[in-house]
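Each remark here refers to the structure printed beneath this line.
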Protein chains: 2
Amino acid sequence: MDEVDTAILNAVQSNPRITLAGLAALTKATLSTCHRRLRRLEDAGYIAGYRAIIDPERVGLTFHALVFVALAPGPVDRFEEFEQAASLLPEVIEVLRLSGRPEYVLRVMTSDSAGFNILYDFQLSDLPRVASLRSELILGVPVPARAIAIPSP
Amino acid sequence: MDEVDTAILNAVQSNPRITLAGLAALTKATLSTCHRRLRRLEDAGYIAGYRAIIDPERVGLTFHALVFVALAPGPVDRFEEFEQAASLLPEVIEVLRLSGRPEYVLRVMTSDSAGFNILYDFQLSDLPRVASLRSELILGVPVPARAIAIPSP
DNA sequence: GCTGAAAGACGGACGTC
DNA sequence: GACGTCCGTCTTTCAGC
């Protein structure tokens, strides 16, 4: 991890389709160096993958919410049951594990509030070990998930 | 938006580096059709952009939290002041606007808890119009932000 | 909407330090 | 072990049909 690596990570984050020649120009390293560095960063797990960002509203997913989930007491390793069941619901975009209670936040998206109500009342309430649910409507995302600043050393 | 478009969106989400030939094979459409459809989806805003996903832990960002922010009363249009100031902090990865109180959730990442404390006590507390803060430590992300299912019609 | 040809990018192999 | 150059292959792009 030197300056070339961090420069590559910073560049690739917001523009994964940049060419190796473009990276070479940015980093002032040679093309083949960028080639191998990028491969190394991928193989070493620095780059977890690539994504295209779809505009949810544009495809009809206008209802966006956070659902806080408190679980019933039990062996911690069985939390995985809940996690796996939650991940099978296509409306569940992301699952965060929190430190306290509620134990989880789900980020969910549906076409409309009717779709959300069905999801909430049936699918989410029926997830294994769920004790209680609370939801927060997301009105907007002023700052969409963005590139992270790579710490220097 | 027909089946070819949705197939392209679904494919591209999880693998933006797929070749046009690959898309053609998946969609059973011809290569040049995929080419123009993809361009159209980009230009029409269905595809908001492309990102490389960096593993935050791998680059030393091990502290991950949600910060709930309640704002002081005032004209709603001045919420933008807060949003813009928050977006200038590199540790703030994402900003969500909620429907009630607290009005915002910030997703933040720092190298360690010391870094978070400084961020919380000084930068976040000093954001314009902030009335109160509450934070939730994120222990993990069992289901990382994933591909959304494109609704049919 | 399809096909073909030219330009360009990628990925590997080799030689050098 | 890391870097730099070269070359074959695949991909993209743009023309004409």
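Scope of the values below: all heavy atoms of this structure, side chains included, with no hydrogens, waters or symmetry mates. Computed from a prediction, not measured in an experiment: that's the story for all the values here. The sequence lines fix the lettering, A, B, ..., with proteins before strands; numbering per chain opens at 1.
- Look at CG on B:Leu20: it is 15 Å from P on C:dA9, rounded to the nearest Å.
- Nucleic acid contact class of A:Arg37 (heavy atoms, under 4.0 Å, all strands): sugar-phosphate only.
- Counting to the nearest Å, the C1' atom of D:dC3 and the NZ atom of A:Lys28 are 19 Å from each other.
- Other residues, nucleotides and ligands contribute at most 12 non-hydrogen atoms within 6.0 Å of the CD atom of A:Gln84.
- Residue contacts for B:Thr30: at a heavy-atom cut-off of 4.0 Å it reaches the sugar-phosphate backbone alone, with no base atom in range.
- Rounded to an integer number of Å, the gap from CZ of A:Arg36 to C1' of D:dC3 is 6 Å.
- Going from atom CG of B:Leu31 over to atom C1' of C:dA5 covers 14 Å, rounded to whole Å.
- If you measure from atom CG of A:Asp2 to atom P of D:dA2, you get 11 Å, rounded to the nearest angstrom.
- Rounded to a whole Å, the CG atom of A:Asp43 is 10 Å from the P atom of C:dG12.
- If you take NE2 of B:His35 and P of D:dT13, they are 4 Å apart, rounded to a whole angstrom.
- Contact of the A:Val95 side chain with the A:Ser87 side chain is not registered, since no non-hydrogen atoms from C-beta on lie closer than 4.5 Å.
- Under a 3.5 Å cut-off, the side chain of B:Asn10 and the backbone N or O of B:Thr6 do form a donor-acceptor pair.
- In this structure, A:Arg39 reaches the sugar-phosphate backbone alone: every heavy-atom distance under 4.0 Å involves primed, P, OP1 or OP2 atoms, never a base.
- Using a cut-off of 4.0 Å between Lys/Arg side-chain N and Asp/Glu carboxylate O, A:Arg101 and A:Glu103 are scored as salt-bridged.
- Rounding to whole angstrom units, CZ of residue A:Arg17 and P of C:dG8 are separated by 18 Å.
- Contacts of A:Thr19 with the nucleic acid, taken as non-hydrogen atoms under 4.0 Å apart, involve only primed sugar atoms and P, OP1 or OP2.
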